[in-house]
Peer 1: 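Okay, here's the structure, questions in a sec.
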2 protein chains.
Amino acid sequence: MQPAWTQAPLFASLTPSQQAQLERLAVTRKLEPGETLFFEEDACTGFFVLVAGAIQLTRASDQPGAHPTLAVILPVQSFAEAAMFGGEAFPATATAVQPSQVIHFPKAAFLGALRDDPDFALAVIHAQAVWLRRLATRVQQLAGVGSGDRLRNWLRQQLPKPGARYALPMPKKTLAAQLGMTPETLSRSLRSLQEEGLLAVEGRTLHRLGEL
Amino acid sequence: MQPAWTQAPLFASLTPSQQAQLERLAVTRKLEPGETLFFEEDACTGFFVLVAGAIQLTRASDQPGAHPTLAVILPVQSFAEAAMFGGEAFPATATAVQPSQVIHFPKAAFLGALRDDPDFALAVIHAQAVWLRRLATRVQQLAGVGSGDRLRNWLRQQLPKPGARYALPMPKKTLAAQLGMTPETLSRSLRSLQEEGLLAVEGRTLHRLGEL
DNA sequence: CGTTCGGCTTGATGCCCGTCAAGGACGGAA
DNA sequence: TTCCGTCCTTGACGGGCATCAAGCCGAACG
């Protein structure tokens, strides 16, 4: 059995020997809910893979109190790769929303590995392309007409066909932030879907009943 | 004097000999306003550098008629790099909004060059990281409170200090799409900024007067 | 057991902004 | 010149969603 982090998309196409080589660089860290892994503008020390829990990436804005959510990281995903290549500082703030465990890969050693192994570099390029598509999808969602529509889009992703179930790995307020709406609006949108008979909600478990 | 496309961020860190090697792959194409370079889901033939004009990247959505704008490409920028690595098909539709000129780099030859040259691969990784930041910024803009606020954010980017001028390289309707609002709302927002004495608008030229 | 706190829901109110509609400014073509 | 098309502006209207406020529920704790 390989370590959990080898399942991350970034490493999926690596050979076992390459993975073993990388494992010597890895450092593990645990976080409590509300604890911050790094702040926007912090000097970038490397990148991370989440192996347990959930991490919320937010970005400060000019408006006081407003912290748009860029993404919610779930196991097993890597994040902050872009920070390592693109600039000196982290472009966002990473906060745990659940008890979490991350693996840290220091910057210098990782860049060295990139330089030595063309296949590894190609794998990284591929992983970045996946991220680009995710962000493009997110832009599409945010630009979509109403917040109710964004919720329906998201539900179709998580619950591919009627009958499917999904348990939220995060509080509803975090989901609301990810969808760019307030918890109140999320609550109301879910209710209206229930009244249409398309969805059942029991606590944090969603149960798709019909054709959204 | 080097060819214009060598100024693109993607190639900035290449040596002259590497650039010369790439130039043999390049193919030039011209487009009229409204003409489409490629459609979403088209098979990906390579990637592009815009050397003149302006290109709008849009993405189809479920709602009929709604085409959220991902980005507006201005000279000299590369685009569709991600499509080459991430998948088989283009993730967006590219349409000229002005008379434009692009350079096309075919896929296969380019991937070969990547494999042979670690520095080039690192340059590509860097370029993708820049894209990731741009999209993250876009998400931030879209998630930002009001459309008026998004306009102010954009103005601060284009007009760094009071007294600065900027001539729009595109029609206002395109700018409105980029900012995720309708032309009507853009017009009203610009008017209110003028009434506050912070901005002057003469046709497509913007003149920043005060502290936004 | 009672208390407290956070997550969640529900209601009332107001504003922002998208839509629809009409009209002005400008440029190109006959 | 006149006609026509595009870009842009302005007004009126309505709906969606954020905000504010109150209350419910379950979990953790003394």
Side-chain angles (χ1 to χ4, degrees), chain A residues 32-34 54 56 61 63-69 72 95-99 141-154 167-195 199-206, chain B residues 32-35 54 56 61 63-69 95-99 141-154 167-195 199-206:
Chain A
E32 296 304 314
Q56 186 176 24
S61 70
Q63 298 81 21
H67 282 264
T69 295
V72 175
T95 308
V97 294
Q98 290 206 333
Q141 284 181 349
L142 283 174
V145 207
S147 62
D149 303 291
R150 297 199 294 273
L151 175 60
R152 291 170 94 102
N153 286 338
W154 184 88
L168 284 181
M170 50 186 150
K172 284 205 182 79
K173 60 188 290 191
T174 301
L175 172 61
Q178 186 182 0
L179 293 175
M181 63 178 93
T182 60
E184 293 96 323
T185 300
L186 173 61
S187 182
R188 284 186 250 268
S189 299
L190 286 175
R191 160 157 295 275
S192 78
L193 285 175
Q194 290 182 82
E195 285 168 353
L199 189 73
V201 180
E202 303 158 3
R204 284 184 188 171
T205 298
L206 306 177
Chain B
E32 295 305 312
E35 195 175 352
Q56 185 177 23
S61 70
Q63 298 81 21
H67 282 263
T69 296
T95 308
V97 294
Q98 291 208 327
Q141 284 180 349
L142 284 174
V145 208
S147 62
D149 303 292
R150 298 199 294 274
L151 174 59
R152 291 170 94 102
N153 287 338
W154 183 87
L168 284 181
M170 50 185 149
K172 285 203 181 78
K173 60 187 291 191
T174 302
L175 173 61
Q178 186 182 2
L179 293 174
M181 62 179 94
T182 60
E184 293 96 324
T185 299
L186 174 61
S187 182
R188 284 186 249 268
S189 299
L190 286 175
R191 160 158 297 274
S192 77
L193 285 175
Q194 289 182 81
E195 286 168 352
L199 189 72
V201 179
E202 302 158 5
R204 284 184 187 171
T205 298
L206 307 176

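A note on names: the letters A, B, ... follow the listed sequences, proteins ahead of strands, and every chain is numbered from 1.
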Peer 1: Can you see which heavy atom on B:A96 is nearest to which on B:E32, and at what distance?
Peer 2: CB-O, 3.5 Å
Peer 1: Taking CZ from B:R204 and C1' from D:dT9, how many angstroms apart are they, rounded to a whole number?
Peer 2: 15 Å
Peer 1: Can you give me the N/O atom pairs linking the protein to nucleotides 10-14 of chain C at distances under 3.5 Å, or say none if there are none?
Peer 2:
unit_1	atom_1	unit_2	atom_2	d
C:dT10	OP1	A:R191	NE	2.9
C:dT10	OP1	A:R191	NH2	2.2
C:dT10	OP2	A:R191	NE	2.6
C:dG11	N7	A:R188	NH1	3.0
C:dG11	O6	A:R188	NH2	3.4

Peer 1: What is the distance, to the nearest angstrom, from the NZ atom on A:K173 to the C1' atom on D:dA18?
Peer 2: 16 Å
Peer 1: Could you state the atom-to-atom distance from CZ of B:R150 to P of C:dC16 in whole Å?
Peer 2: 14 Å
Peer 1: Let me know the distance between CE of A:M181 and C1' of C:dC8, rounded to the nearest Å.
Peer 2: 15 Å
Peer 1: Would you say C:dG7 has OP1 or OP2 under 4.0 Å from some side-chain N or O of A:K172?
Peer 2: no
Peer 1: Measure from the side-chain heavy atoms of B:T182 and tell me the nearest of C:dT19, C:dC8, D:dT19.
Peer 2: C:dT19
Peer 1: Could you state the CG-P distance from B:L186 to C:dC16, rounded to the nearest angstrom?
Peer 2: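 It works out to 17 Å between those atoms.
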Peer 1: Can you tell me how far apart CG (B:L179) and CZ (B:R152) are? Round to the nearest 0.5 Å.
Peer 2: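 So the gap between those two atoms works out to 13.5 Å.
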Peer 1: My understanding is that only residues two or more places apart in sequence, or in another chain, count here; which of them pass side-chain hydrogen bond (donor to acceptor under 3.5 Å, both in side chains) with B:S187?
Peer 2: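 Listed in chain order: nothing, the list is empty.
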Peer 1: Which residues pass the side chain to side chain contact (heavy atoms under 4.5 Å, CB included) test with B:P169, sequence neighbours left out?
Peer 2: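 Residues passing side chain to side chain contact (heavy atoms under 4.5 Å, CB included) with B:P169: B:L74, B:Y166.
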Peer 1: Could you pull out the closest heavy-atom pair between B:T185 and B:S147, with the gap in Å?
Peer 2: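 Scanning both residues, the minimum pair turns out to be CG2-OG, 3.4 Å.
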Peer 1: What's the separation between atom CZ in A:R188 and atom CG in A:L151, rounded to the nearest 0.5 Å?
Peer 2: 14.0 Å
Peer 1: Just the rounded figure in Å: distance from C1' of C:dC8 to CG of A:L175.
Peer 2: 13 Å
Peer 1: If you fit an axis to the five pairs at each end of the helix from C:dC1-D:dG30 to C:dA30-D:dT1, how big is the angle between those two axes, to 10 degrees?
Peer 2: 30°
Peer 1: Between P on C:dG7 and CG on A:L168, what's the gap in Å once rounded to a whole number?
Peer 2: 14 Å
Peer 1: Using salt bridge (charged side-chain N to carboxylate O under 4.0 Å, His left out) as the criterion, list what pairs up with B:E184, not counting sequence neighbours.
Peer 2: none
Peer 1: Please identify each residue that fulfils salt bridge (charged side-chain N to carboxylate O under 4.0 Å, His left out) with B:E195, with sequence neighbours left out.
Peer 2: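 For B:E195, the residues satisfying salt bridge (charged side-chain N to carboxylate O under 4.0 Å, His left out) (neighbours in sequence not counted) are B:R191.
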Peer 1: Starting at NZ of A:K172, measure out to CG of A:L206 and round the result to the nearest 0.5 Å.
Peer 2: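 Interatomic distance, A:K172 NZ to A:L206 CG, rounded to 0.5 Å: 7.5 Å.
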